Q: 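Provided herewith is a single structure, encoded as structure tokens, for subsequent inquiry.
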Number of protein chains: 2
Amino acid sequence: MAEEKVIGDGDIDQCDFICVHENVVNQVIKVMPKEQQLLDLADFFKIFGDPTRIRILYVLSQSEMCVCDIANLLQMGQSAISHQLRVLKQMRLVKFRREGKTVFYSLADGHIETILAQGMEHISE
Amino acid sequence: MAEEKVIGDGDIDQCDFICVHENVVNQVIKVMPKEQQLLDLADFFKIFGDPTRIRILYVLSQSEMCVCDIANLLQMGQSAISHQLRVLKQMRLVKFRREGKTVFYSLADGHIETILAQGMEHISE
DNA sequence: TTATTATATGAATATCTGTTCATATGTTTA
DNA sequence: TAAACATATGAACAGATATTCATATAATAA
């Protein structure tokens with residue numbers, strides 16, 4: 001059983017050999033999500049990669065709230081909050097209900113708080 | 001007990017009233033992480049917000065691997081991988097050991113796979 | 001109806017980010 | 001020592017992103 005394997009000409013970088021065993025390569029190919037899943041997953045996490053959106057999610061973890069309230073609490077412009085809520089809405093992290101002129105937003109599910117908590121756990125080490 | 005509260009002049013947007021109860025506001029202030037924590041948390045999740053980095057993490061979830069192997073597996077340039085590994089290293093998501101010319105990278109802890117799995121769970125709905 | 005209020009949204013802009021290219025660093029081999 | 005190789009890194013560039021501004025939409029009140 002060969003531990004190294006010569007790489008063909010078409011390869012993108014300068015490496016002549018690969019070090020990993022073939023069965024590892026096969027295993028990697030097996031667990032690697034499909035292209036679309038990867039993109040979706042990255043987009044999902046990207047949402048949490050912005051302080052403003054994280055703030056919004058924390059706020060909504062306590063109570064449903066209208067756009068204006070969120071803007072006031074976070075001391076930011078209504079437009080900025082509205083834009084971010086749209087992103088959160090598109091990613092199905094928040095839901096909303098209209099009541100007259102006011103739109104109340106809330107977290108789409110409890111899953112989100114778990115992910116926030118898990119991230120917080122990791123950075124607190 | 002008042003359900004609405006007038007907002008002062010210094011406020012950043014046009015809203016005249018806030019809808020949430022004062023105790024909710026206080027509760028929000030209580031759970032909201034400190035500024036630095038928020039930034040750290042956003043930076044942490046930002047890592048997972050890129051397909052290339054997610055691919056690298058999935059690859060490393062199967063086996064430690066050298067830079068060159070990762071580049072070959074993902075069909076990307078060595079430099080691009082190296083840059084991303086630096087980001088992952090800075091965020092302590094991967095560790096590495098040197099063996100001669102080769103540097104082997106591996107996941108820093110099992111926590112990471114949990115977070116990936118949780119994200120994957122969410123987008124599969 | 002018009003005026004007012006809450007929210008949404010398109011355009012513009014400044015900043016950030018990922019990849020590539022060229023090159024430097026560090027290690028091994030000849 | 002010099003040559004070869006694996007990795008790291010700075011600069012440049014293209015593409016993405018968050019906020020602001022101006023304005024549109026939608027609902028209510030006068």
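So that the names make sense, note that chain A is the first sequence line, chain B the second, and so on, each numbered from 1. All values derive from a computational prediction rather than experimental measurement.
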Q: Salt bridge or not for R97(B) and E64(B), using N-O below 4.0 Å?
A: yes
Q: Side chain of H83(A), heavy atoms from C-beta onward: which of dT7(D), dT19(D), dC21(C) has the nearest atom to it?
A: dT19(D)
Q: Spell out, as yes or no, whether a donor-acceptor pair under 3.5 Å connects the side chain of R98(B) to the backbone of G100(B).
A: yes
Q: Using a 4.0 Å cut-off on heavy atoms, which residues in residues 95-106 of chain A reach DNA chain C? List them by number, or say none.
A: K101(A), T102(A), V103(A), Y105(A)
Q: Atom CZ of residue position F104(B) - does it have more than 12 heavy atoms of other residues, nucleotides or ligands inside 6.0 Å?
A: yes
Q: What nitrogen or oxygen pairs link the protein and nucleotides 16-18 of chain C at under 3.5 Å?
A:
unit_1: dT17(C); atom_1: OP1; unit_2: K46(B); atom_2: NZ; d: 3.4
unit_1: dG18(C); atom_1: OP1; unit_2: R53(B); atom_2: NH1; d: 3.1
unit_1: dG18(C); atom_1: OP1; unit_2: R53(B); atom_2: NH2; d: 2.6
unit_1: dG18(C); atom_1: OP2; unit_2: R53(B); atom_2: NH1; d: 3.4

Q: What is the distance, to the nearest angstrom, from the CG atom on L85(A) to the C1' atom on dT9(C)?
A: 13 Å
Q: May I ask you to decide if K46(A)'s main-chain N or O and R53(A)'s side chain share a donor-acceptor pair within less than 3.5 Å?
A: yes
Q: Measure from CG on L74(A) to P on dT19(D) and round the result to the nearest Å.
A: 10 Å
Q: Answer with yes or no whether S79(B) presents, from its side chain, a donor or acceptor under 3.5 Å of a partner atom in the base of dT9(D).
A: yes
Q: Hey, what's the ring geometry for F44(A) with H122(B), parallel, tilted or perpendicular (30° and 60° as the breaks)?
A: parallel
Q: Roughly how many Å is it from CG in L39(B) to P in dA18(D), rounded to a whole number?
A: 14 Å
Q: Please answer whether the main-chain N or O of N72(B) pairs with a side-chain N or O of Q75(B) as donor and acceptor at a distance below 3.5 Å.
A: yes
Q: In whole Å, I'd like the distance from the CD1 atom of I81(B) to the P atom of dT19(C).
A: 8 Å
Q: Would you mind reading off the distance between I70(A) atom CD1 and dT19(D) atom C1', rounded to a whole angstrom?
A: 17 Å
Q: Strictly below 4.0 Å, N to O, side chains only: are E35(A) and R55(B) in salt-bridge contact?
A: yes
Q: Grab the CD-C1' distance between Q75(A) and dA18(D) for me, whole Å please.
A: 18 Å
Q: Once you round it to whole Å, what is the distance between C1' of dT19(C) and CD of Q78(B)?
A: 13 Å
Q: Is the charged tip of K89(B) near the ring of F96(B): under 6.0 Å from the six-membered ring centre and within 45° of its axis?
A: yes
Q: Between I56(A) (CD1) and dA18(D) (P), how many Å, whole number?
A: 11 Å
Q: Treating S61(A) as the side-chain partner and Y58(A) as the backbone partner, does any N or O pair qualify as donor plus acceptor under 3.5 Å?
A: yes
